[in-house]
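See structure below.
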There are 2 protein chains.
Amino acid sequence: MDRLIDAIEATQNPSVVGLDPTEALVPPQVVAGLAEEVRDSVEDPAEAPAVQLASAFYEFNRTIIDAVAGIVPAVKPQIAMYEALGPAGVDVYTMTCDYAASRGLYVLADAKRGDIGSTAAAYAHMLTGVDGFDPWKVDAVTVNPYLGTDGITPFVDAAKESDKDLFVLVRTSNPSSSELQMLDLADGSKVYERVADLVEGWGADSIGAHGYSRVGAVVGATHPEEGKALRTRMPHTFFLVPGYGAQGGTAADVRGMFDADGSGAIVNSSRGIIGAWRKDGRYDPSMSADDALALVDETARDAAIRMRDDLRAVL
Amino acid sequence: MDRLIDAIEATQNPSVVGLDPTEALVPPQVVAGLAEEVRDSVEDPAEAPAVQLASAFYEFNRTIIDAVAGIVPAVKPQIAMYEALGPAGVDVYTMTCDYAASRGLYVLADAKRGDIGSTAAAYAHMLTGVDGFDPWKVDAVTVNPYLGTDGITPFVDAAKESDKDLFVLVRTSNPSSSELQMLDLADGSKVYERVADLVEGWGADSIGAHGYSRVGAVVGATHPEEGKALRTRMPHTFFLVPGYGAQGGTAADVRGMFDADGSGAIVNSSRGIIGAWRKDGRYDPSMSADDALALVDETARDAAIRMRDDLRAVL
């Protein structure tokens, strides 16, 4: 986790921009502008709309990455949005990660993978690559804990081997997360607290120079009290905090998820930054694609600076 | 779930073949034989080994699919093995699913996806496709329950829309699955039992002609007693049962996971079928790729028939 913490210190900004494009989040003229190029490049006309949207995601992402590089330390591309479009989408996912890395950003793959044994080891190639070739180019991956230690160890091994990290789901930001995570256990604790203890244990032998292990935890901004308690319970576990902004979490809500030095957590915002152009009065459907992307650039940068300053104000 | 159950009845065989290739499971001469073709096709020489292995996976999978079509009703390609190779691997994954579908097999994508809201909806495009284009061509997908109902509803909606199914992890086959799944709750039940109740509820409004809903459950063969109890607890939930064969589960172990009519479950075997060639004395490293694939074909077919007959014997 040292590389991420160094990047946070360099930018003085514990926030990460979620690269979760959807059709609604990309200005339509950017998508439309790619129609001809895509029509000429695909073998099967049926796949043209998916390839076109994937290509638009890449244009959009590059604009966002250029806008926020130097301001934020990291980006978090959500693979689901790309996978939805099939192999062309996955290709754009890796291109996005590669481009973000080339701009000096720490790339956190939000994939929430989870399986066992040789299967988990296969997923963990997302960190190590295969045969000296790294198709994914990410610095960390999110992982689901439901399968227990068997599902985590291969990721921890891969993280150590490649100087990378993982973040395990502990207390997610969504309303129904409580159905499982908040169940009362016979010993008086909650399920997510037991998961928290497992996560702290999984990281115990990979604690870095800054006092945090390679095994981080996902703790939603929508649970400020629990997040504060987890901060104490998991002293060597760095937090990835989703749920800020669009999902309702505020800077005050996440304050308790940081340690006494103002470290220990990174807060994600996706729609609040990549969708800021939609709330800007200057957007006009008749704009050119270039003008729309210029607006995306400006509004994303402003939103990223605003979020940074909001977080700085409470830390 | 009706299409799967119909396919099981047609073959009189409640088993599914896991298409989980790894480098060790594909005869090396099949990989080596693709070197020249791949070298000429890739833009970046660094990616040649990954593309070559992905291409070998496809050759291997086609052989397995041809061997077992007509004997088994379904295949379960494990996406982790393909994702490990990057976009080229994902491409082969979709080609494998497409080929299996063309041979009349029900295709169960073992992806164990799980996220919330719009992100889960994006993953659920694996069932519905996008804009009338379906890049994935699968009939069902496995899903992780840790995020609760928010993470499941989009998959249920997609399954209904596309006449497809999902299988939610309840009690997985691996040793450390107990760390979370077997925790004692304050009300005297176990975590996995609460998940089981949620799964039964998630399927309540999609029960088909055979009495089973579109929301299945993953229940490991390595837990025969719990599987039997779950069969009673989840009367409308079809089971996908991994852990047979290489992981130690036997036909007798899975008997209790079927209903009184011998329906209600499908049992997966991966290595026991696709890796059967490795335990056959006739394999010789100096064999040609074609001869090796002929041996893969014969041994996979024999192993699939043996598994079918073992299951028939206890049902």
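Throughout, protein chains are lettered first and strands after them, A, B, ... in sequence-line order, and every chain is numbered starting at 1. Predicted model, so just to flag it, every value in this text is computed and none were measured.
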Interface moiety of [X] toward chain B, non-hydrogen atoms closer than 4.5 Å:
X	answer
Thr119(A)	both
Leu85(A)	both
Val170(A)	backbone

Measure distances from Leu198(B) to the heavy atoms of chain A and classify the residue's part below 4.5 Å as side chain, backbone, both or neither.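 Side chain only.
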If one checks every heavy atom of Asp20(B) against chain A at 4.5 Å, the contacting part turns out to be neither
Please confirm whether the backbone N or O of Glu83(A) pairs with a side-chain atom of Trp136(B), one donor and one acceptor, at under 3.5 Å?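 Judged by distance alone, yes, a pair lies under 3.5 Å.
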Give, for atom [atom1] of [X] and atom [atom2] of [Y], the distance between the pair rounded to the nearest 0.5 Å.
X	Y	atom1	atom2	result
Leu185(B)	Leu185(A)	CG	CG	6.0 Å
Lys112(B)	Arg113(A)	NZ	CZ	12.0 Å
Glu179(B)	Tyr146(A)	CD	OH	13.0 Å
Asp115(A)	Asn174(B)	CG	CG	8.5 Å
Asp131(B)	Leu53(A)	CG	CG	7.0 Å

So if I apply the side chain to side chain donor-acceptor pair (under 3.5 Å) rule between Ser176(B) and each of Thr149(A), Thr153(A), Asp150(A), which one comes out positive?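 Result: among Thr149(A), Thr153(A), Asp150(A), Asp150(A) is the only option passing the side chain to side chain donor-acceptor pair (under 3.5 Å) with Ser176(B).
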Test Ile116(B) against Ser177(A) for side chain to side chain contact (heavy atoms under 4.5 Å, CB included), laying out the working first. CA-CA 9 Å; Ile116(B) 61 172; Ser177(A) 61; over 6 Å; no
Contacts with chain A made by residues 186-196 of chain B (heavy-atom distance under 4.5 Å), listed by residue number: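 So the qualifying residues are Ala186(B), Val191(B), Tyr192(B), Arg194(B), Val195(B).
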Apply side chain to side chain donor-acceptor pair (under 3.5 Å) to Asn61(B) and list each qualifying residue two or more places apart in sequence or on a separate chain. Tyr82(B), Thr96(B)
